[in-house]
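Presented below is the structure to which this report refers.
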Amino acid sequence: MIDPQLIRNDLDSVAKQLLKRGFTLDTEQLIALEAQRKMVQVETQALQSERNTRSKSIGKARASGEDIAPLLAEVAELGDQLKAGEARLAEIQFELNEILLGVPNIPHADVPEGKSEDDNVEIRRWGEPTQFDFEPKDHIDLGVALGGMDFETASKITGSRFTVMTGSIARLHRALIQFMLDLHTSEHGYTETYVPYMVNADSLRGTGNLPKFSDDLFKLNGEQEYYLIPTAEVPVTNIVRDVIIDADEMPRKFVCHTPCFRSEAGSYGKDTRGLIRQHQFEKVELVQIVKPQESGAALESLTNSAEQVLQKLGLPYRVVILCGGDIGFSSTKTYDLEVWLPGQQQYREISSCSNFESFQARRMQARWRNPETRKPELVHTVNGSGLAVGRTLVALLENYQDADGKIHIPEALHSYMGGITVIE
RNA sequence: GGAGAGGUGGCUGAGUGGUCGAAAGCGGCGGUCUUGAAAACCGUUGAGGGUUUGUAGCCCUCCCAGGGUUCGAAUCCCUGCCUCUCCGCCA
């Protein structure tokens with residue numbers, strides 16, 4: 001949620017900045033509602049004050065043995081007025097809140113103009129697209145031929161957009177998870193974290209997935225209103241919901257591997273084959289909770305940590321900054337890492353690293369105590385994938401294949417593969 | 001699943017209808033003392049919001065959450081959630 005003070009004091013500027021991402025803010029509606037809010041709130045609080053004063057004097061009168069009947073008569077109507085005012089105020093505030101919860105974050109000045117992913121801007125490249133002296137296969141052909149990837153069985157067990165993996169491919173998939181966790185904990189200073197894979201609606205509101213994006217989520221049908229997590233970002237970031245963090249405990253850096261569940265509603269026909277877009281996939285997520293002035297640097301550092309995974313695996317990639325039209329709802333600024341996929345002859349997203357500034361923190365009431373002001377202030381949150389495991393597996397298979405369809409495991413993973421260096 | 005106990009400020013914990021936003025202790029901050037530190041002593045110390053040019057003043061709300069009773073609720077009633085103990089079951 002953006003700062004309601006900005007809405008009140010700087011509405012036109014906010015509206016203008018939101019246009020960059022193609023979002024039109026209904027300023028007239030907000031101005032009208034805000035005027036009502038002010039009027040009703042001032043009235044209601046005056047009534048509350050009146051009631052408090054009178055109740056106190058009734059208490060005093062009774063204590064000194066006076067007759068309180070006339071005093072009670074005086075306040076007879078106050079209660080009804082007050083209730084009406086409180087109810088009206090609650091309505092207005094609810095309405096305002098619903099609107100504000102639906103307003104996306106203000107894009108950072110660095111974010112380029114643009115309407116779609118075609119307008120994203122490449123920042124840098126690492127490595128060159130892998131060259132082959134044969135026609136490279138895609139991961140589906142490779143995985144199926146090696147007998148380690150089975151989409152048909154998965155669709156029997158569950159349905160489309162699931163996978164069964166077996167043998168060395170399954171092991172490689174697990175090895176990637178271990179490798180990423182070890183790298184981020186031992187070299188990048190992140191704390192390994194284990195969290196629930198089901199979350200409540202408050203947590204999803206905190207990160208910005210609700211109320212707007214319920215279509216993307218799997219909701220459980222049990223007695224509790226629980227959802228399967230779409231990313232570890234949700235449970236991990238909510239660790240600090242309703243918490244005031246000591247300054248000397250900042251920054252907090254979490255790395256967390258979880259499965260992720262996404263309904264992928266609205267993506268019919270997109271990436272229907274293979275591992276690229278599944279209802280269930282594994283991801284290693286990096287989350288940082290930082291002081292406001294440090295979030296810009298934290299995004300760079302976190303992005304770099306994610307890049308390290310690709311570099312150590314020898315996978316060519318590029319970094320793009322998302323344009324206004326493509327950036328996520330809660331983010332002020334996002335870098336995507338795109339890995340080269342020989343099977344598709346293109347770069348595909350494998351990590352998305354974002355700075356949310358105080359947007360999630362405000363929804364979550366996640367704060368730190370600023371030693372300078374001695375007051376609790378909102379933290380900034382930064383996160384990114386480090387990396388999406390399924391897509392990393394795809395990239396490995398496709399980039400490390402040979403003419404015989406064997407997969408040569410990069411050295412960084414050897415210690416995790418129990419002596420296997422080639423999958424055949 | 002059955003039985004019981006309980007949820008109060010950063011923490012421990014008192015408060016069972018009326019100047020209670022809340023005793024006390026710990027912790028934090030400031031000070032005295034000290035070469036410095038510790039100890040001791042003194043002072044101070046919750047959050048959110050409204051109004052406002054205002055970190056000034058004034059006001060409102062908040063004692064798990066949501067309802068209710070009352071002139072008045074941390075305190076009484078109802079519902080939900082969570083925690084703990086015992087029993088049962090169980091990876």
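Lettering of chains follows the sequences in order, A, B, ..., and the numbering in each one begins at 1.
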N/O donor-acceptor pairs under 3.5 Å from side chains in residues 319-326 of chain A, not counting sequence neighbours:
from     : atom 1 : to       : atom 2 : distance (Å)
A:Asp326 : OD2    : A:Asn120 : ND2    : 3.0

Residues 20-29 of chain A, side-chain donor-acceptor partners within the protein, below 3.5 Å, at least two apart:
from    : atom 1 : to       : atom 2 : distance (Å)
A:Lys20 : NZ     : A:His108 : O      : 3.3
A:Lys20 : NZ     : A:Val111 : O      : 2.6
A:Arg21 : NH1    : A:Asn105 : O      : 2.6
A:Arg21 : NH1    : A:Ser331 : O      : 3.3
A:Arg21 : NH2    : A:Ile327 : O      : 3.2
A:Arg21 : NH2    : A:Gly328 : O      : 2.3
A:Asp26 : OD1    : A:Gln29  : N      : 3.1

Distance-only donor-acceptor hits, side chain of residues 407-423 of chain A, under 3.5 Å, sequence neighbours excluded:
from     : atom 1 : to       : atom 2 : distance (Å)
A:His408 : NE2    : A:Asp402 : OD2    : 2.7
A:His414 : NE2    : A:Ile409 : O      : 2.8
A:Tyr416 : OH     : A:Asp182 : OD2    : 2.6

Could you go through residues 284-292 of chain A and list every donor-acceptor pair under 3.5 Å that involves a side-chain atom there, pairing it with any protein atom two or more places apart or in another chain?
from     : atom 1 : to       : atom 2 : distance (Å)
A:Glu285 : OE1    : A:Lys283 : NZ     : 2.6
A:Gln288 : NE2    : A:Tyr190 : OH     : 2.9

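Pairs passing the salt bridge (charged side-chain N to carboxylate O under 4.0 Å, His left out) check and including a residue from residues 81-91 of chain A, sequence neighbours excluded, read A:Arg88-A:Glu91.
Taking every heavy atom of residues 54-61 of chain A and every atom of RNA chain B, pairs under 4.0 Å involve A:Ser55, A:Ile58, A:Gly59, by number.
Residue A:Arg369 is in sugar-phosphate contact alone, with no base atom involved, counting any heavy-atom pair closer than 4.0 Å across all strands shown. At a threshold of 4.0 angstrom between heavy atoms, the contacts of A:Gln5 are confined to the sugar-phosphate backbone, with no base atom among them.
Toward the 5' end of RNA chain B, the nearer of the two residues A:Arg8 and A:Ser49, judged by each one's closest nucleotide, is A:Arg8.
Judged as a side-chain contact (heavy atoms from CB on, under 4.5 Å), and not counting sequence neighbours, the contacts of A:Asp141 are A:Lys137, A:Asp138, A:Arg273. The side-chain contact (heavy atoms from CB on, under 4.5 Å) test applied to A:Ala201 returns A:Arg205, A:Leu210, A:Glu225, A:Tyr227, not counting sequence neighbours.
If you take atom C1' in B:U83 and the same atom in B:U8, they sit 15 Å apart, rounded to whole Å.
When both pairing distances are held under 3.5 Å, B:G54 makes no Watson-Crick or G-U pair with any nucleotide shown.
Close approach of RNA chain B to chain A, defined as any atom under 4.0 Å from a non-hydrogen atom of the protein, starts and stops at B:G18 to B:G72.
Between A:Glu50 and A:Arg54 there is a salt bridge, since at least one side-chain N of the basic residue sits less than 4.0 Å from a carboxylate O of the acidic one.
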